[in-house]
Protein chains: 2
Amino acid sequence: MKDSNSLGLIVGEHPDRESWAHPDEAINLRLWLRLATCSTLIENALRGSMRADFGTTLPRFDLMAHLSRSPRGMKMSELSRCLMVTNGNITGIVDQLERDGLVERNKANTDRRSSVIMLTPEGRQYFRRLSEAYRARVAELFSPMDNEAQNDLFALLAKLKEAIRPQCQAINEAPR
Amino acid sequence: MKDSNSLGLIVGEHPDRESWAHPDEAINLRLWLRLATCSTLIENALRGSMRADFGTTLPRFDLMAHLSRSPRGMKMSELSRCLMVTNGNITGIVDQLERDGLVERNKANTDRRSSVIMLTPEGRQYFRRLSEAYRARVAELFSPMDNEAQNDLFALLAKLKEAIRPQCQAINEAPR
DNA sequence: TATTGTTATACTCTATAACTATA
DNA sequence: TATAGTTATAGAGTATAACAATA
């Protein structure tokens with residue numbers, strides 16, 4: 001049986017973030033809302049896994065993931081750019097991970113203002129388990145989609161990213 | 001000039017959420033991270049616009065958007081499903097909008113447990129201005145991408161949504 | 001003067017669980 | 001018994017702005 005809203009109209013089996021945009025709306029609006037819906041669905045699933053199985057969060061995972069690829073560490077400002085959040089947030093997340101013994105701060109030799117963040121051996125081991133579960137969950141989620149479609153989608157999203165980046169940058173560099 | 005990380009390696013002009021996933025990673029992981037990156041870029045841009053120009057937030061916009069398509073109102077539980085968040089959150093957002101005179105709660109005739117949320121005339125007028133700005137911003141962001149690519153992307157995301165939905169639902173219905 | 005990172009503040013969103021009032 | 005919504009709690013992320021240390 002189909003769901004219906006208060007109007008009694010059929011709105012589809014699964015109302016979600018994009019269901020307010022009718023078919024006559026501009027394709028760009030519908031596209032964005034569908035993108036947001038997919039992203040929310042996946043993010044909710046992954047957040048749940050990370051929390052239930054490891055008691056950790058997505059931003060913490062993201063930060064460790066970047067560190068895991070930079071054996072010699074990363075500066076706070078690099079992490080800020082990679083995670084696409086402001087500097088103060090990175091301080092907070094690094095604080096938590098440091099408290100848990102998963103990362104460490106070291107003063108940079110060249111520039112004494114900046115510190116270099118690295119995974120500790122424990123952090124490295126912990127992240128290995130974490131990322132295994134993460135990868136498994138992502139693989140499971142995407143498994144019903146055939147490989148060709150995934151590759152097409154990957155390529156189209158590259159196009160999209162290229163299209164929006166300059167404008168998003170302009171925003172971030174706007175006067176405040 | 002290209003950016004480089006602490007290792008001195010070229011990491012691309014614009015490090016972001018997907019830059020830790022190397023080309024030899026599974027396509028599903030790379031795809032998810034790119035999706036997340038695009039979603040974050042756009043969401044940050046829109047959040048900034050909504051905040052700077054109207055002092056409001058994306059969840060509030062989303063909620064009003066759904067209401068704007070349901071002239072006779074929506075139940076709290078319907079809103080919860082549409083925004084893909086839990087019930088308590090909807091109470092909070094509706095509280096704020098009600099305080100600002102943008103929405104109103106009415107008791108349902110049929111079931112006195114539930115209330116029906118509607119935009120007030122002021123809310124309707126306010127949302128019109130809001131959504132104009134929102135649509136313009138989205139249109140601007142997507143404008144460098146040709147229409148055919150947008151349509152292809154839209155269709156592929158439908159496939160993705162169909163693929164992940166059953167699993168995401170299973171999660172939401174799992175015992176707690 | 002500009003940059004790196006921290007601190008302090010305030011706000012928003014989020015999930016969970018206990019609760020009420022209805023059904 | 002089950003459902004609709006609220007309340008209370010706790011925690012996480014976020015931006016902004018002011019600040020210290022260094023470049």
Side-chain angles (χ1 to χ4, degrees), chain A residues 6 17 36 40 43-52 55-63 73-81 83-100 103 105-117 171-176, chain B residues 6 17 36 40 43-52 54-63 73-81 83-100 103 105-117 171-172 174-176:
Chain A
S6 303
R17 290 185 65 185
T40 302
E43 203 154 313
N44 284 350
L46 292 174
R47 180 188 302 133
S49 295
M50 287 295 104
R51 182 171 176 174
T56 195
T57 66
L58 257 16
R60 293 208 263 256
F61 177 87
D62 282 358
L63 197 149
M74 294 173 74
K75 293 195 295 181
M76 300 291 280
S77 47
E78 286 176 327
L79 287 168
S80 165
R81 272 194 298 277
L83 299 205
M84 302 162 77
V85 296
T86 53
N87 233 313
N89 297 323
I90 299 296
T91 298
I93 300 177
V94 167
D95 282 350
Q96 298 168 348
L97 294 173
E98 195 179 26
R99 221 176 295 129
D100 292 344
V103 307
R105 270 180 246 239
N106 294 301
K107 276 292 158 200
N109 300 330
T110 49
D111 183 339
R112 277 151 55 205
R113 286 173 308 181
S114 64
S115 49
V116 175
I117 318 301
I171 288 171
N172 286 333
E173 285 157 10
R176 311 199 180 193
Chain B
S6 303
R17 291 185 64 187
T40 302
E43 203 154 314
N44 284 350
L46 292 174
R47 180 189 302 132
S49 295
M50 286 296 103
R51 182 170 175 171
F54 296 94
T56 195
T57 65
L58 258 15
R60 291 208 265 257
F61 176 86
D62 282 357
L63 197 150
M74 293 173 75
K75 293 194 295 180
M76 300 292 280
S77 46
E78 286 177 327
L79 286 168
S80 165
R81 273 194 297 277
L83 300 204
M84 302 163 78
V85 297
T86 53
N87 233 313
N89 298 324
I90 299 296
T91 297
I93 299 176
V94 167
D95 282 349
Q96 298 167 349
L97 293 173
E98 194 180 26
R99 221 175 296 129
D100 292 344
V103 308
R105 273 179 243 240
N106 295 299
K107 276 292 158 199
N109 299 329
T110 49
D111 184 339
R112 275 152 57 204
R113 286 174 307 181
S114 64
S115 49
V116 175
I117 318 301
I171 287 171
N172 287 332
R176 315 206 172 183

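The analysis underlying the following values was restricted to heavy atoms, covering all of them including side chains, and did not include hydrogens, waters or symmetry mates. Residue numbering restarts at 1 for every chain, and letters A, B, ... go by the order of the sequence lines.
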**Q** Between C1' on dT22(D) and CG on Asn109(A), what's the gap in Å once rounded to a whole number?
**A**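 It is 15 Å, rounded to the nearest whole Å.
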
**Q** Take atom CZ of Arg17(A) and atom P of dT14(C), then tell me their distance rounded to the nearest Å.
**A**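 From Arg17(A) CZ to dT14(C) P: 9 Å.
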
**Q** Scan Arg51(B) against the nucleic acid and name what it touches under 4.0 Å (heavy atoms): base, sugar-phosphate only, or nothing.
**A**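 Sugar-phosphate, no base atom in range.
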
**Q** Does some side-chain heavy atom of Asn44(B) sit less than 4.5 Å from a side-chain heavy atom of Arg47(B)?
**A**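 Side chain of Arg47(B) against side chain of Asn44(B), heavy atoms only: contact under 4.5 Å found.
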
**Q** Starting at CE of Met50(A) and ending at P of dA15(C), how long is that distance when rounded to a whole Å?
**A**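 That distance rounds to 17 Å.
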
**Q** Is there a side-chain contact between Arg105(A) and Asp95(A) in this structure, where contact means two heavy atoms from C-beta onward sitting under 4.5 Å apart?
**A**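 With C-beta onward as the side chain, the pair touches.
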
**Q** Using a cut-off of strictly less than 4.0 Å, decide whether Arg105(A) has a side-chain nitrogen or oxygen near OP1 or OP2 of dT6(C).
**A**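 Indeed, a polar side-chain atom of Arg105(A) lies that close.
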
**Q** For a quick test of reading the model, state the closest non-hydrogen atom pair linking Glu78(A) to Gly73(A) and the distance between them.
**A**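 For Glu78(A) versus Gly73(A), the nearest heavy atoms are OE1-O, 4.5 Å.
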
**Q** What is the distance from NZ of Lys107(A) to P of dA21(D), rounded to the nearest Å?
**A**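 It works out to 11 Å between those atoms.
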
**Q** Flag the pair Ser115(B) / Met76(B) as yes when at least one side-chain heavy-atom distance between them is below 4.5 Å, and no otherwise.
**A**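 SC-SC contact between Ser115(B) and Met76(B) confirmed.
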
**Q** Hey, are the side chains of Thr86(B) and Asn89(B) touching, using non-hydrogen atoms and a 4.5 Å cut-off?
**A**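 Yes - at least one pair of side-chain heavy atoms lies under 4.5 Å apart.
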
**Q** Is the shortest side-chain N/O distance from Ser77(B) to OP1 or OP2 of dT3(D) below 4.0 Å?
**A**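 Answer is no, no contact under 4.0 Å.
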
**Q** Rounded off to whole Å, could you give me the CD-to-P distance for the Glu43(B) and dC13(C) pair?
**A**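 The answer, rounded to whole Å, is 11 Å.
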
**Q** Please name the pair of heavy atoms, one in Val116(A) and one in Ala108(A), separated by the smallest distance, quoted to 0.1 Å.
**A**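 The answer is CG2-CB, 4.1 Å.
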
**Q** Rounded to the nearest Å, what distance is computed from the CZ atom of residue Arg47(A) to the P atom of nucleotide dC13(C)?
**A**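 Rounded to whole Å, this separation is 14 Å.
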
**Q** Does a distance-only test, which skips hydrogens and angles, find a donor-acceptor pair under 3.5 Å between the side chain of Arg113(B) and the base of dT3(D)?
**A**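 Side chain to base: pair found, below 3.5 Å.
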
**Q** In Å, rounded to the nearest 0.5 Å, how long is the span from OG1 of Thr40(B) to CZ of Arg17(B)?
**A**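 So the OG1 of Thr40(B) and the CZ of Arg17(B) are separated by 4.0 Å.
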
**Q** Among dA23(D), dT22(C), dG5(C), which is the nearest nucleotide to the side chain of Asp111(A)?
**A**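 Side chain of Asp111(A) sits closest to dA23(D).
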
**Q** What integer distance in Å separates Leu79(A):CG from dT14(D):P?
**A**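 Nearest whole value for this atom pair: 13 Å.
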
**Q** Report the distance from atom CZ of Arg112(B) to atom P of dT6(D), rounded to the nearest whole Å.
**A**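 Rounded to the whole Å, the gap is 16 Å.
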
**Q** Report each atom pair, protein N/O against N/O of nucleotides 7-13 of chain D, whose distance is under 3.5 angstrom.
**A**
{"from": "dG13(D)", "atom 1": "OP1", "to": "Thr57(A)", "atom 2": "OG1", "distance (Å)": "2.9"}

**Q** Check every atom of dT6(C), dA4(D), dT16(D) against the side chain of Ser114(B) and return the nucleotide holding the closest atom.
**A**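 Between dT6(C), dA4(D), dT16(D), the one nearest the side chain of Ser114(B) would be dA4(D).
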
